[in-house]
Amino acid sequence: MHEERFLRTHRYLRGCVEPAVYRTLDCGLFDQGVARVRCPDCRHEFLIAFSCKLRGLCPSCHQKRELLWADWAEVELLEDVAHRQVVFTIPKRV
Ligand SMILES: [Zn+2]
């Protein structure tokens, strides 16, 4: 399909693109594999579907990684002071 529609204008896809797309499409589907989790206190059980763990392509997995990174940055990286973001740009000619 890509070759028919986009090869002339966008060139070949890298070999990793197609498997990543299919992994993302299978992310969170129960028929692709699950883990059974049991609460040690009440012994209630439930199933969690496996995720693709791809960043950038899968919105669900990407969001989870972003939240984990933000939590790590807040605990491990940043001091407990007010932070500001300053963007400094230089004109291309300079
Ligand atoms: Zn995913």
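This structure is a prediction, so every number in the text was calculated from the model and none was measured. For ligands, and for the atoms within them, numbers begin at 1 and follow the listed sequence.
- Of the inter-residue distances, the one linking Gln32 atom CD with Leu25 atom CG reads 10.0 Å to the nearest 0.5 angstrom.
- Between Phe6 atom CZ and Tyr12 atom OH the span is 15.5 Å, to the nearest 0.5 Å.
- Each of Glu66, Lys64, Arg65 was evaluated against Leu68; a single residue qualifies, Lys64, per the side-chain contact (heavy atoms from CB on, under 4.5 Å) test.
- Ring-plane geometry between Trp69 and Trp72 is classed as tilted, the angle between the planes lying from 30 to 60 degrees on a 0 to 90 degree scale.
- Residues in residues 75-84 take part in no side-chain hydrogen bond (donor to acceptor under 3.5 Å, both in side chains) pair, two or more places apart or across chains.
- Of all protein N, O or S atoms, those under 2.8 Å from the Zn ion (ligand 1) number 4.
- A distance of 12.0 Å separates SG in Cys52 from NE2 in His62, rounded to the nearest 0.5 Å.
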